[in-house]
There are 2 protein chains.
Amino acid sequence: MVRPSKKTQIPNLQEAIKETAWKQIAETGAAALSLRAIARELKITAPAIYNYFPDRDALVTALIIDAYTSFGDYQIIARDAQAEDDLAGQLQAIGLAYRQWALEYPQRYQLIFGTPIPGYQAPIMEVLPSAARSLSAPVSVIDQLRIANRLNAEGFPAVQPGYEQMFDVWRSFAGNYDIFSLSVAMLIWSRVHGLVSLEIANDMPPFGVDGDALYMYELKSTINQFIKR
Amino acid sequence: MVRPSKKTQIPNLQEAIKETAWKQIAETGAAALSLRAIARELKITAPAIYNYFPDRDALVTALIIDAYTSFGDYQIIARDAQAEDDLAGQLQAIGLAYRQWALEYPQRYQLIFGTPIPGYQAPIMEVLPSAARSLSAPVSVIDQLRIANRLNAEGFPAVQPGYEQMFDVWRSFAGNYDIFSLSVAMLIWSRVHGLVSLEIANDMPPFGVDGDALYMYELKSTINQFIKR
DNA sequence: TTAAGTTTATAAACACTGTATATTTACACT
DNA sequence: AGTGTAAATATACAGTGTTTATAAACTTAA
C-alpha cells in the first residue's frame, strides 16, 4: 500500500497537522513537539508532513502565527468591551486579558516568547504581521491618550532615527499609530510580560503574594504612572 | 584500550565537562547542548559522562547553579561598591548589574530563565540556595528601606499565610530579611526581567528606543515609585 | 480510451540524540 | 599477591528530523 485512496485520506491534512500539534503541545509541552509523534497520531508517516511544511521550523512558525492571532484577538475584544471614552479602563482590560490568555494557554505563550524549540529562530518577516497586530491593542489606547494629551511620559527616551521604513511596515499591519506610542507600549508590555512569564515558568519563589492581586497592583501602578491625573 | 592510564586521563573531568558545556553553550546556544558533542570535544565517550552526572538533566542543573552563583555575585559586588547609606544608589547599581550580566552572558540568562532544554524542569530544592542568593541583593536593599521607613508600597498585596516554612528555608540561603521585602523585590525583579528578557530574546520590534536609555528610564521610574521622596 | 504527467503518500536509510548494559582495565587496599 | 572498586569503553536500543527513491492515485489531454 503506497497511497490511500482519496476516500480514506484525511481531508485538509495541513490543518489536521496543526491541530494535532496543538493538542500535543497542550498535553506534553511545546518542547516535546515531534513530527513523528504527530504522524503517529494521524496514522500517516512522518515524511508525509513534508508535503505541507518544508521542515519542522515551518510548522512551528505556522503555529506561532496562529497563536499570535489568537492572542491579538483576545486583547482587542477585551478593549472593545469597554466604553469608548474610558481609556484607562481599556488599558486595564487589555492588561487583564493579556494575563488571562497566557494562563489559559501557557504553552502557546511559551511557544511565542520562550525558546522551547531547540535551534528555532522565528523568521521576523513572516511573523511580523500577526505579532504587530497582537501588540496593537495597547498601542491604540496609548496613542489615543497621547492625542488627548493625557499620556504621562516625560523624559521617555527619544526614538532613534533610521527605523522609519521598518516602522512603516509595522504600521501597515498594526494600524496607523505614532512611533512614540509604540515605544511607550513596549515598555508597558515588558512589565506585564515580566510578571506573566515568571508566573507561567514557575520561576518565582513559591511563597508570598496572590498572583491575581500582585498583577492588579502592577497594572494599577503602571496606569497611574503613564496616565495623567 | 578500555581505560586510559592516569597520566593520559583528564584531571578533574567533572569540571572539564562543565567547562566544555559552557563553551558549547556560548558558541551554539543552550538549546544545542549535547552530551555526545561534549564527549567528542573531550575525546572521551558519551557514557563516561555518566560517571559524573547521573543524566543530562543533572548536568544542566549543575550549570544552572553555577550561573545563579555568578549572577548573584555580580549583583552583590555592584551593591557593595556603593556608599552604605545610599540605598537608592545601591538599588540602581544592582539593576544595572542585572542587565549587564544578562547582556554579557545571554546564554546563561536563557539557561536560567528560559526553557532551552526540552523537557527539563529545574529541581527547586537543589537550585534554591543559589537562586535565593541571586535575589538577595535587591531584597537586602529593600529591607533596609523598609526598616528606615522609606519603602513606598502602600496597597501592596499582603503576603498569604501558609508559606512560613518555605520562607524560612529561603531565608537560610538569602539572609534574614522580611517576607514583605521579598515580595516587593520580586515585583521589581519582574520589571527588570521583563525588559531584559525581551531584549535578549530579540522579541522586541526592531525599531525605536536605545536599549540603555530605555532601561535607565524604567529603573528610575521604579526607584521613584518605591522609594519615598 | 489511452497515455503522459502531477500529487501524495510510503519505505528505507542516514546521521544524530540520550541512555542502559556489559565488559575491561587501572588503581587502592588488605 | 590478590581482591574489590572505580572509571573508562564497546555495544546496543529507542527516539529524533530529514533525504531519497518509489509507487500508487488522481488529473489532464491527445
Side-chain angles (χ1 to χ4, degrees), chain A residues 1-18 20-21 24-25 27-64 111 115-123, chain B residues 1-18 20-21 24-25 27-64 111 115-123:
Chain A
M1 161 244 302
V2 169
R3 182 187 175 182
S5 78
K6 211 172 188 184
K7 285 195 177 172
T8 63
Q9 253 180 295
I10 297 165
N12 208 349
L13 191 46
Q14 173 138 11
E15 270 312 307
I17 290 167
K18 286 204 284 182
T20 308
Q24 297 191 353
I25 284 174
E27 281 167 3
T28 53
L33 187 70
S34 153
L35 295 187
R36 290 185 117 111
I38 293 169
R40 229 175 289 133
E41 187 156 336
L42 289 173
K43 293 186 173 166
I44 58 175
T45 60
I49 296 176
Y50 286 73
N51 287 315
Y52 302 94
F53 301 95
D55 53 20
R56 191 200 49 170
D57 287 7
L59 170 59
V60 173
T61 299
L63 295 175
I64 286 180
L111 187 64
T115 51
I117 311 290
Y120 174 81
Q121 258 283 57
Chain B
M1 162 243 300
V2 170
R3 182 186 177 181
S5 78
K6 211 170 189 183
K7 284 195 178 172
T8 65
Q9 254 180 296
I10 297 165
N12 208 349
L13 190 45
Q14 173 135 8
E15 270 312 307
I17 290 168
K18 285 205 284 182
T20 308
Q24 297 192 354
I25 284 175
E27 280 167 4
T28 54
L33 187 71
S34 154
L35 295 187
R36 290 185 115 112
I38 292 170
R40 230 174 290 134
E41 187 156 338
L42 289 173
K43 294 187 174 166
I44 58 174
T45 59
I49 296 177
Y50 285 75
N51 286 315
Y52 302 94
F53 301 96
D55 53 21
R56 192 200 49 172
D57 287 8
L59 170 59
V60 174
T61 299
L63 295 175
I64 286 181
L111 186 65
T115 50
I117 311 289
Y120 175 81
Q121 258 283 55

Correct closest heavy-atom pair for B:Pro118 and A:Ala31 would be CA-CB, 3.5 Å

Mind listing the closest non-hydrogen atom pair of B:Ala21 and B:Leu63 along with its distance?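 Smallest interatomic distance, heavy atoms only, reads CB-CD1, 3.9 Å.
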
Could you check how far [atom1] of [X] sits from [atom2] of [N], rounded to whole Å?
| X | N | atom1 | atom2 | value |
| --- | --- | --- | --- | --- |
| A:Ile38 | D:dT18 | CD1 | P | 11 Å |
| B:Lys43 | D:dA8 | NZ | P | 16 Å |
| A:Ile17 | C:dT8 | CD1 | P | 12 Å |
| B:Leu42 | D:dA8 | CG | P | 11 Å |
| A:Leu59 | D:dT18 | CG | P | 10 Å |
| B:Phe53 | D:dA8 | CZ | P | 12 Å |
| A:Ile49 | D:dT19 | CD1 | P | 14 Å |
| A:Asn51 | D:dA25 | CG | P | 16 Å |

Checking B:Gln24 side chain against B:Ala37 main chain: does a donor-acceptor pair fall under 3.5 Å? yes

Hey, which of A:Ile49, A:Asn51, A:Ile44 is the one that makes side chain to side chain contact (heavy atoms under 4.5 Å, CB included) with A:Leu13? A:Ile44

Check whether any side-chain N or O of B:Tyr52 sits under 4.0 Å from OP1 or OP2 of D:dA8, and answer yes or no.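 For D:dA8, OP1 or OP2 has a side-chain N or O of B:Tyr52 closer than 4.0 Å.
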
Give every pair of a protein N or O atom and an N or O atom of nucleotides 15-19 of chain C that lie under 3.5 Å apart, one pair per line with the distance.
| from | atom 1 | to | atom 2 | distance (Å) |
| --- | --- | --- | --- | --- |
| C:dT17 | OP1 | B:Ser34 | OG | 3.2 |
| C:dT17 | OP1 | B:Arg40 | NH2 | 3.0 |
| C:dT17 | OP2 | B:Arg40 | NH2 | 2.8 |
| C:dG18 | OP1 | B:Leu35 | N | 2.6 |
| C:dG18 | OP2 | B:Leu35 | N | 3.3 |
| C:dG18 | OP2 | B:Arg36 | N | 3.1 |
| C:dG18 | N7 | B:Arg36 | NH1 | 2.4 |
| C:dG18 | O6 | B:Arg36 | NH1 | 2.7 |
| C:dT19 | OP2 | B:Tyr50 | OH | 2.8 |
| C:dT19 | OP2 | B:Arg56 | N | 2.8 |
| C:dT19 | O5' | B:Tyr50 | OH | 3.0 |

With side chains defined as the heavy atoms from C-beta onward, is the minimum distance between A:Phe53 and A:Lys18 less than 4.5 Å?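 The answer is yes, as the side chains (C-beta and beyond) meet within the 4.5 Å cut-off.
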
Residues passing the side-chain contact (heavy atoms from CB on, under 4.5 Å) test with B:Gln121, sequence neighbours excluded, are none

